[in-house]
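For reference, the structure discussed in these notes is given below.
Order of the sequence lines sets the chain letters (A, B, ...), proteins ahead of strands, with each chain counted from 1.
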Amino acid sequence: MERMVQTEDLVFEYAKRDEEGNVIGTQRAIDQVSLEVAEGQFIAILGHNGSGKSTLAKHINAILVPSEGTVWVGGRNTRDADELWNVRQSAGMVFQNPDNQIIGTVVEEDVGFGPENLGVPTDEIWKRVEESLKAVGMFSYRHHSPNKLSGGQKQRVAIAGVIAMRPKCIVLDEPTAMLDPNGRKEVLRTVEELRRQEKVTVILITHYMEEVIDADRVFVMDHGHVVMDGTPREIFSQVDTLKEYRLDVPQVTILADELRKRGLDIPAGILRKEELVEVLCRLG
Amino acid sequence: MIRDITIGQYYPAKSILHRLDPRVKLTATVLYLISLFLFKNLSGYLVATVFLIVIIRLSKVPFKFIMRGMRPVIMLLMITLLFNLFLIKEGEVIFSAWIFKITEGGLRNAVLMAVRLIYLITGSSLMTFTTTPNELTDGLESLLKPLGRIHVPVHEIAMMMSIALRFIPILLEETDKIMKAQIARGADLESGNILQKAKSMIPILVPLFVSAFRRANDLAMAMEARCYRGGEGRTKMNPLRYTGRDKAAYAIVILYVAGVVAVGRYVPLHIWIF
């Protein structure tokens, strides 16, 4: 499988300033991160606030350029100024706040914004807008004003805006953090659908552990380091370590873990309610 | 209450004016405004009145709606009217009391200037009623393109205008929220004189500005992430194209301007003092 994203010894530092704006030191937001993402994978990056996960996401889209080390996206070095727009086109990005990333005053106009920037011919833009809006199930809202949509719908429009640029990879930076439970489900379902139908690589950044159950691979970040790396099952079987990194482990997983510690014969890394029910029934 | 403010009012309807290319409407409005100041005779006013009535009927915008747009400028109208009425001293005195004197010339100038201003406002608001804000910015961008050669950032200005329009409702909503939050904390926004009221706006404006800057920062990042790099090499989703209708409209407007100026200058018409 082809490598979609690769980072090697990635370091990102920003200057700390005092009140007068003088530099008084540097803070490492990302420290020596090396990871690889294969094409078509669903990757989740977990971490609590300030763990460096959003900073890492911005490197994949070349919004930030590494202080040290290298990031390759689709074989292109993000440091290379000539490749900047190709990198941004191949790795689309969806941000946290649904209001602050919609540019158009009408839904279809916003979806067309990316292709317009890429210099896509007019007829092709309309075709892409239609396809992208259909892919996220927002086609019937194409003439609406984004201000009248719910948070989940706005995020779906933002996702459509990214797909219209035909990226190979979509980076979602806490796309559900500002949504209600319904909006969260809506957005996650859309992402899941896209992954299956459009075969794009998905990198989901979140602090909700429930959202990463279906991922092919999970990275856990803390203080700028990747501290855990594995399949969801491998990650979720280490409940105590996860708690150390201040992550909210799903209730089922905690319950299963506690039962196992008390001596019940339950495998580690239970992810879903149904799974636990089945295991418990077999015990009885 | 704050949501009642509507900016860039657009009146949705399916008229020939709504379908015209925004560039035609912009150019026509400018020509129309200039033409209003190029004649003096009453006959010119008659031609302009007929033209305006025809345009209003064509636009399918209700007359009442247009009149409502006049309300904010009534004060301005009154002031110009009074100044002209009392300060211009020409011809016979028709009214005199204490230090106030109204002359024929003063009355004529006051009335004609008021009519001119009303026509001016009606004409330009008809343009905003029949053109969506997006069409308007597109039209402006295209018309001002020649200025790009002397390094005026035309595309950027148009982009800023359309973003501003998109964020007006969002920032209004935010203002509403902040006001409620401050009232809940005991802020008194209603009582006091103008100075005190202005002072009580500070706790609303400061958080509003902070949030606006944060939004601007986020939006800039989102735009860059979607490959925005200024106007160069950018294609348009709705490119502007002139049709036969637009060319005809240009011809009609030019004919009108030539006509109204010719009639207004060389066809004398006098009724009473006018």
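- Residue Glu198(A) holds its CD atom at 8.0 Å from CZ of Arg166(A), rounded to the nearest 0.5 Å.
- Chain B forms more heavy-atom pairs under 4.5 Å with one residue of Gln101(A), Glu109(A), Lys58(A) than with any other, namely Glu109(A).
- For chain B, the nearby parts of Asp99(A) are the backbone and the side chain; heavy atoms of each come within less than 4.5 Å.
- Checked for salt-bridge contact, Lys154(A) and Asp110(A) miss the test: no charged N lies under 4.0 Å from a carboxylate O.
- For Glu124(A), no part lies under 4.5 angstrom from a heavy atom of chain B.
- Annotation: maximal heavy-atom pairing with chain B below 4.5 Å, among Ala158(A), Ala62(A), Gly104(A), occurs at Gly104(A).
- With respect to Asp218(B) and Arg214(B), no salt bridge is recorded, no charged nitrogen being found less than 4.0 Å from a carboxylate O.
- Gln96(A) does not touch chain B: none of its heavy atoms, backbone or side chain, sits under 4.5 Å away.
- Annotation: cation-pi geometry satisfied between Arg23(B) and Tyr242(B) (NZ/CZ under 6.0 angstrom from ring centroid, within 45° of ring axis).
- Remark: Glu39(A) does not engage Arg3(A) in a salt bridge, criterion side-chain N to carboxylate O under 4.0 Å.
- If you tally non-hydrogen atom pairs under 4.5 Å between each of Cys227(B), Ala222(B), Gly233(B) and chain A, the highest count goes to Cys227(B).
- For Asp173(A), no part lies under 4.5 angstrom from a heavy atom of chain B.
- Residues Tyr141(A) and Leu149(A) are in side-chain contact: their nearest non-hydrogen atoms beyond the backbone lie under 4.5 Å apart.
- Of the two parts of Val171(A), neither the backbone nor the side chain holds a non-hydrogen atom closer than 4.5 Å to a non-hydrogen atom of chain B.
- Salt bridge annotation for Arg229(B)-Glu224(B): absent, with no cationic side-chain nitrogen under 4.0 angstrom from a carboxylate oxygen.
- Contact residues of residues 78-93 of chain A toward chain B are Trp85(A), Arg88(A), Gln89(A), Met93(A) (heavy-atom distance under 4.5 Å).
- When heavy atoms are compared at a cutoff of 4.5 Å, Phe95(A) approaches chain B solely by way of its side chain, counted from C-beta outward.
- Ranking Ile163(B), Asn238(B), Thr132(B) against chain A, the residue ahead of the rest is Asn238(B), based on heavy-atom pairs under 4.5 Å.
- Contacts between Pro115(A) and chain B at a heavy-atom distance below 4.5 Å involve the backbone alone (N, CA, C, O).
- Atoms CD1 and OG1, from Ile170(B) and Thr175(B) in turn, are 11.5 Å apart once rounded to the nearest 0.5 Å.
- Note that Arg226(B) lies outside the cation-pi zone of Tyr228(B), set by a 6.0 Å cut-off to the ring centre and a 45° limit from the axis.
- Under a 4.0 Å N-O distance rule, the pair Lys134(A)/Glu130(A) qualifies as a salt bridge.
- At least one donor-acceptor pair closer than 3.5 Å links the side chain of Arg156(A) to the backbone N or O of Gly137(A).
- The contact between Leu118(A) and chain B is made by backbone and side chain atoms together, counting heavy-atom distances below 4.5 Å.
- A salt bridge does not link Arg128(A) with Glu131(A): every distance from a Lys NZ or Arg NE/NH1/NH2 to an Asp or Glu carboxylate oxygen is 4.0 Å or more.
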